[in-house]
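This report refers to the structure that appears directly beneath it.
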Amino acid sequence: MILRLPEYFYGVGARLFHRYWDRQGGWKAPVPVLSVGNITVGGTGKTPFVIALARLLSLQFPDLADQDRIAVLSRGYGRKSRELVVVTEFSDWREAGDEPLLIKRSCPGLLVISCAKRVESARFAVKKYGTKLIILDDGFQHRALARDIDMVVLDALNPLGNGRLLPAGPLREPVSALARASAFVVNGEGSTAEQLADRFGKTIIHVASVPLSEAWSSSVTQPAFLLTGIARPERVRQSLEDAGIRLVGHRAYRDHHAFSARELRSVQIDAQKRGASSILMTGKDKVRMSPIQGGLPVIEIPHELKITLAQELIADVLRLRTAQAASSSGSIS
């Protein structure tokens with residue numbers, strides 16, 4: 001009951017904001033823009049999908065595999081810098097953001113830009129780097145940059161949480177906002193998100209986590225201690241248990257948590273007391289970890305999403321690129 005009033009005012013603000021952009025429209029880039037976002041806060045697998053999408057497009061369209069031909073534009077949540085940052089594999093996550101840095105390290109050929117003003121970064125990418133396609137990361141609520149394809153990542157079993165808006169629930173917008181999406185990216189197995197897609201008449205792109213390999217599992221010195229700072233740590237723990245990893249402890253911090261040296265030392269001591277032989281972390285967490293001298297080895301948990309159904313998406317991108325090429329040749333002549 002206590003959250004009903006702030007939820008109401010949040011909903012009013014969200015509706016007015018999107019009503020404005022429905023009328024105004026965003027800036028249209030001269031290259032195709034694919035937006036990847038969600039309607040709930042955290043934990044749907046958006047960042048791994050951005051990585052999987054970039055890899056898929058590079059395979060399907062060989063010219064996009066060249067350096068900087070695909071640009072990923074991110075706000076870089078939690079970073080200190082307010083300037084436009086071109087992310088390198090050696091960037092400080094405090095300046096670049098943890099998710100943009102993870103994307104760059106996973107796909108070195110991508111141009112990854114962190115900037116709250118996505119129109120500015122889109123113009124910069126096309127003009128300075130000759131980018132041919134843009135992936136707008138966490139873009140569903142960012143309306144200033146127009147998009148050609150608007151994808152919303154949903155958990156297969158629980159796509160809407162408790163169905164309430166922030167702060168009473170996880171929804172960033174009313175459920176009706178899903179009507180403006182082009183496609184639903186359904187992460188995992190289950191029928192709830194598919195029923196939602198039927199309700200809104202949306203195309204479905206299926207994705208699934210690639211199970212941890214036997215080779216990786218056998219390389220982990222066990223027992224292990226798990227350290228996380230992500231939105232849905234229970235998923236990671238379950239994947240480790242499914243792979244036969246014996247865990248003797250788990251310390252979970254909030255999403256995007258900046259691990260201090262004191263916290264990391266405390267984790268090392270706790271893990272050693274519990275008899276752990278190693279500490280396991282996700283890639284997103286590891287980019288936020290300062291180097292530790294001595295102690296237990298820190299092992300990164302691989303996490304990869306496989307896109308299992310995307311024929312319509314590839315066809316749509318092909319149509320966009322064909323139309324862009326025709327428009328460009330027409331303007332030259």
Side-chain angles (χ1 to χ4, degrees), residues 26-27 29-38 42 44-61 63-79 81 83-93 95-153 182-183 185 187 205 207 256 283-284 287 303-305 307 310 313-314 316-317 320-321:
W27 180 74
V31 299
V33 175
L34 281 59
S35 171
V36 177
N38 47 25
T44 58
K46 177 178 56 61
T47 300
F49 176 69
V50 167
I51 294 169
L53 176 64
R55 288 172 174 166
L56 176 67
L57 293 174
S58 296
L59 287 173
Q60 293 289 328
F61 303 97
D63 64 307
L64 294 182
D66 294 339
Q67 188 74 31
D68 302 331
R69 295 293 81 92
I70 297 177
V72 175
L73 311 184
S74 176
R75 177 181 55 163
Y77 180 86
R79 70 194 187 104
S81 175
E83 303 299 318
L84 184 151
V85 173
V86 176
V87 183
T88 74
E89 295 173 71
F90 308 102
S91 292
D92 185 332
W93 74 269
E95 301 297 315
D98 55 357
E99 290 170 344
L101 183 54
L102 176 61
I103 292 168
K104 180 64 179 180
R105 289 182 178 177
S106 301
C107 302
L110 296 181
L111 173 65
V112 181
I113 300 175
S114 292
C115 182
K117 300 176 180 178
R118 254 66 75 86
V119 170
E120 178 183 336
S121 47
R123 285 177 167 147
F124 179 79
V126 174
K127 184 176 181 180
K128 184 172 178 63
Y129 288 89
T131 291
K132 294 183 177 181
L133 183 140
I134 289 171
I135 298 176
L136 181 58
D137 178 36
D138 198 15
F140 194 53
Q141 287 79 32
H142 184 88
R143 306 289 301 278
L145 179 61
R147 68 289 321 270
D148 300 287
I149 299 175
D150 218 343
M151 292 169 280
V152 177
V153 185
S182 307
V185 179
N187 187 0
I205 300 168
V207 298
H256 301 283
K284 176 180 168 179
V287 300
H303 181 209
E304 183 180 349
L305 282 185
I307 301 175
L313 171 64
I314 296 302
D316 287 342
V317 173
L320 287 169
R321 301 200 71 208

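Of all heavy-atom pairs spanning I113 and S121, the tightest one is CG2-CB, 3.6 Å. The shortest non-hydrogen separation linking F49 to L305 is N-CD1, 3.6 Å. Nearest heavy atom pair, residue N187 against residue G45, reads ND2-CA, 3.9 Å. The minimum heavy-atom distance linking A310 with I307 is given by the pair CB-CG2, 3.5 Å. Nearest heavy-atom pair, I51 versus C107, reported as atom, atom and distance to 0.1 Å: CG2-SG, 3.7 Å. Shortest non-hydrogen contact noted between I70 and I135 is CG2-CD1, 4.0 Å.
No side-chain heavy atom of H142 sits less than 4.5 Å from a side-chain heavy atom of R75. When side chains are defined from C-beta on, D63 counts as touching R321, because their heavy atoms get closer than 4.5 Å. Using a 4.5 Å cut-off on side-chain heavy atoms (C-beta onward), L34 and D150 make no contact. Between L53 and L313, the closest side-chain pair of non-hydrogen atoms falls below 4.5 Å. Under the 4.5 Å side-chain criterion, counting only non-hydrogen atoms from C-beta, V185 is not in contact with V36. Contact annotation: the side chain of S106 approaches that of R55 to within less than 4.5 Å [non-hydrogen atoms, C-beta and beyond]. Between L136 and L73, some side-chain heavy-atom pair lies under the 4.5 Å cut-off.
Of the possible polar contacts, one joining the Q67 side chain to the P108 backbone as a donor-acceptor pair under 3.5 Å is found. A donor-acceptor pair under 3.5 Å is absent between the side-chain atoms of E95 and the main chain of V87, judged by distance alone. Put simply, the side chain of R69 gets close to the backbone of Y129: a donor and an acceptor are under 3.5 Å apart. Between the side chain of R105 and the backbone N or O of E89 there is at least one donor-acceptor pair closer than 3.5 Å. The backbone N or O of V126 sits nowhere less than 3.5 Å from a side-chain atom of T131 that would complete a donor-acceptor pair. A donor-acceptor distance shorter than 3.5 angstrom exists from the side chain of S114 to the backbone of A96, with no hydrogens or angles considered.
In this structure, CG on L57 lies 6.0 Å from CG on L133, to the nearest 0.5 angstrom. The CG atom of D148 sits 4.5 Å away from the CG atom of L320 when rounded to the nearest 0.5 Å. Atom CG in L84 sits 10.5 Å away from atom NZ in K117 (nearest 0.5 Å). Atoms CG and OG, on L102 and S74 in that order, are 11.0 Å from each other to the nearest 0.5 Å. Between the CG atom in L145 and the CZ atom in R118 there is a gap of 8.5 Å [rounded to 0.5 Å]. We find the CG-OG distance between L110 and S58 to be 6.5 Å, quoted to the nearest 0.5 Å.
Annotation for E83: atom CD does not count as buried by contact number, only 12 or fewer foreign heavy atoms lying within 6.0 Å. Heavy-atom contacts from other residues, nucleotides or ligands closer than 6.0 Å to OH of Y77 number 12 or fewer.
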Side chain to side chain contact (heavy atoms under 4.5 Å, CB included) between R123 and W27, worked out: CA-CA 10 Å; R123 285 177 167 147; W27 180 74; 3.2 Å; yes
Candidate pair D138 and T47, rule side chain to side chain contact (heavy atoms under 4.5 Å, CB included), full reasoning: CA-CA 9 Å; D138 198 15; T47 300; over 6 Å; no
Worked check of side chain to side chain contact (heavy atoms under 4.5 Å, CB included) between V33 and I149: CA-CA 7 Å; V33 175; I149 299 175; over 6 Å; no
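Here the options are R79, H256, K284, the test is side chain to side chain donor-acceptor pair (under 3.5 Å), and the partner is D98; only H256 passes.
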